[in-house]
Amino acid sequence: MNILITGTTSGIGLKLAQDYLAAGHTVHCCGRNISILQELVTVFGDRAKPVNFDVQNREECLASLTALPELDLVILNAGTCEYIDARNFDAASFERVIRINLIGLANCLEALIPKLTAGSSLSLMGSSSSYLPLPRAEAYGASKAAIEYLAKTLAITLGKDGIHVSYIAPGFVETPLTDLNDFPMPMRVDVEFASRRIRQGLKKKQSEIHFPKLFTGFMKTLSLLPYAWQRFLLAKILMS
């Protein structure tokens with residue numbers, strides 16, 4: 001397959017790129033850290049295609065991506081996380097997260113949707129935080145909730161052209177971002193688990209890929225409750 005992945009210089013994106021390359025696929029590895037991109041070329045040869053740009057810069061995105069050939073699979077994974085103290089709401093922090101996670105993703109979509117044809121797949125990286133309102137995740141959760149909505153809308157509109165769209169909603173995954181967290185992360189999995197689960201789900205063309213199932217299943221179940229019940233239970237669980 002001819003694959004493109006954003007955010008391939010760390011965490012889930014890096015592991016996905018390594019695993020797809022090891023399986024013999026061509027991967028357009030997108031990221032800002034040119035040294036990591038070059039390491040992928042050193043290890044995997046010319047099947048690793050480094051693409052160095054910042055998703056926040058629309059002009060860079062278009063210049064870097066519009067010249068690429070047609071793609072079989074696109075995984076828009078690049079993102080960040082900053083937590084907010086609601087009593088001292090930081091609009092600049094909120095803007096940074098939205099700009100990278102959501103606007104950056106939109107910049108990539110503008111350039112890459114024309115590269116997709118019938119039978120190809122597009123996958124958007126979200127989070128299980130999109131299922132429920134979580135304290136301190138006002139910016140991160142809002143960006144991922146928007147991505148979930150966007151993925152489900154694109155699944156309808158692009159599906160008419162035979163393009164499959166999936167939404168990925170991990171729980172806690174051991175990455176440089178989650179290493180910075182100062183709170184308990186139940187059922188955190190490693191990037192090997194995350195990559196395997198994502199690749200399995202994409203191969204089966206699953207519309208929603210969430211894991212680990214025990215954790216994300218609990219989140220999804222809570223999300224089905226009336227909002228007042230959700231607030232009560234989350235306050236008991238998270239604020240105790």
Side-chain angles (χ1 to χ4, degrees), residues 1-9 12-32 37 40-41 44-79 100-126 130 144 146-170 194-210:
M1 287 194 297
N2 197 24
I3 301 169
L4 181 140
I5 307 172
T6 62
T8 60
T9 56
I12 296 173
L14 176 58
K15 184 58 179 170
L16 282 170
Q18 292 170 332
D19 288 342
Y20 276 122
L21 286 165
H25 300 288
T26 296
V27 181
H28 300 270
C29 305
C30 306
R32 291 182 296 173
L37 298 178
L40 290 170
V41 176
F44 296 103
D46 61 6
R47 284 185 293 103
K49 310 289 187 183
V51 189
N52 179 227
F53 67 96
D54 186 342
V55 297
Q56 300 174 78
N57 188 313
R58 178 174 174 268
E59 288 70 28
E60 277 191 24
C61 282
L62 295 176
S64 300
L65 300 175
T66 52
L68 296 180
E70 290 184 353
L71 299 162
D72 301 301
L73 171 62
V74 169
I75 304 174
L76 298 181
N77 162 77
I100 295 172
N101 291 1
L102 187 58
I103 305 304
L105 184 144
N107 290 336
C108 293
L109 285 174
E110 180 178 354
L112 294 172
I113 286 179
K115 308 297 178 183
L116 301 172
T117 58
S120 58
S121 296
L122 169 66
S123 186
L124 309 188
M125 182 64 70
S130 68
K144 296 303 184 179
I147 291 171
E148 180 182 12
Y149 183 93
L150 178 58
K152 291 179 177 178
T153 303
L154 291 174
I156 297 170
T157 53
L158 297 181
K160 297 175 183 178
D161 297 321
I163 300 168
H164 182 266
V165 180
S166 59
Y167 176 66
I168 304 173
S195 173
R196 182 170 64 253
R197 180 67 187 86
I198 291 168
R199 287 180 290 112
Q200 289 171 345
L202 292 175
K203 185 176 181 179
K204 296 176 182 177
K205 291 191 179 293
Q206 294 178 339
S207 296
E208 185 175 358
I209 302 167
H210 62 94

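Values reported hereafter were calculated over all heavy atoms of this structure, with side chains retained and with hydrogens, waters and symmetry mates removed.
Between Lys152 and Glu148 there is a salt bridge, since at least one side-chain N of the basic residue sits less than 4.0 Å from a carboxylate O of the acidic one.
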Check the pair Leu122 / Leu71 against side chain to side chain contact (heavy atoms under 4.5 Å, CB included), numbers first and verdict last. CA-CA 9 Å; Leu122 169 66; Leu71 299 162; over 6 Å; no

Side chain to side chain contact (heavy atoms under 4.5 Å, CB included) assessment of Val27 paired with Leu4: CA-CA 6 Å; Val27 181; Leu4 181 140; over 6 Å; no

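When every heavy atom of Val41 is checked against every heavy atom of Ala48, the shortest pair comes out as CG2-O, 3.6 Å. The two residues Ile147 and Asn101 come nearest to each other via the heavy atoms CD1-O, 3.5 Å. Minimum interatomic distance between Ile168 and Ser123 (heavy atoms only, all atoms of both residues): CD1-OG, 3.0 Å. Across all non-hydrogen atoms, the minimal contact from Leu21 to Arg47 is O-NH1, 2.5 Å. Shortest non-hydrogen contact noted between Leu76 and Cys108 is CD2-CB, 3.8 Å. Between Cys30 and Leu65, the closest heavy-atom pair is SG-CD2, 4.3 Å.
Side-chain N or O atoms of Ser130 include none that pairs as donor or acceptor with a backbone N or O of Gly126 at under 3.5 Å. A donor-acceptor pair under 3.5 Å links the side-chain atoms of Glu60 to the main chain of Asp54, judged by distance alone. Counting only distance, with no hydrogens or angles, the side chain of Asn107 and the backbone of Cys61 share no donor-acceptor pair below 3.5 Å.
Every pair passing salt bridge (charged side-chain N to carboxylate O under 4.0 Å, His left out) that includes a residue from residues 14-23 is listed here, sequence neighbours excluded: Lys15-Asp19, Asp19-Arg199. A salt bridge (charged side-chain N to carboxylate O under 4.0 Å, His left out) check over residues 104-115, counting only residues at least two apart or in different chains, returns the pairs Arg58-Glu110. Listed by first and then second residue, the side-chain hydrogen bond (donor to acceptor under 3.5 Å, both in side chains) pairs involving residues 66-78 amount to none (not counting sequence neighbours).
Checked by atom type, the side-chain pair Ser166/Ser207 shows no donor-acceptor distance below 3.5 Å. Residues His28 and Asn2 have side chains that bring a donor and an acceptor to within less than 3.5 angstrom of each other. Side chains of Tyr20 and Thr26: no donor on one and acceptor on the other come within 3.5 Å.
Atoms CG and NZ, from Leu73 and Lys205 in turn, are 8.0 Å apart once rounded to the nearest 0.5 Å.
For the pairing with Ile113, the side-chain contact (heavy atoms from CB on, under 4.5 Å) check across Leu158, Asp161, Ile163 returns one residue only, Leu158.
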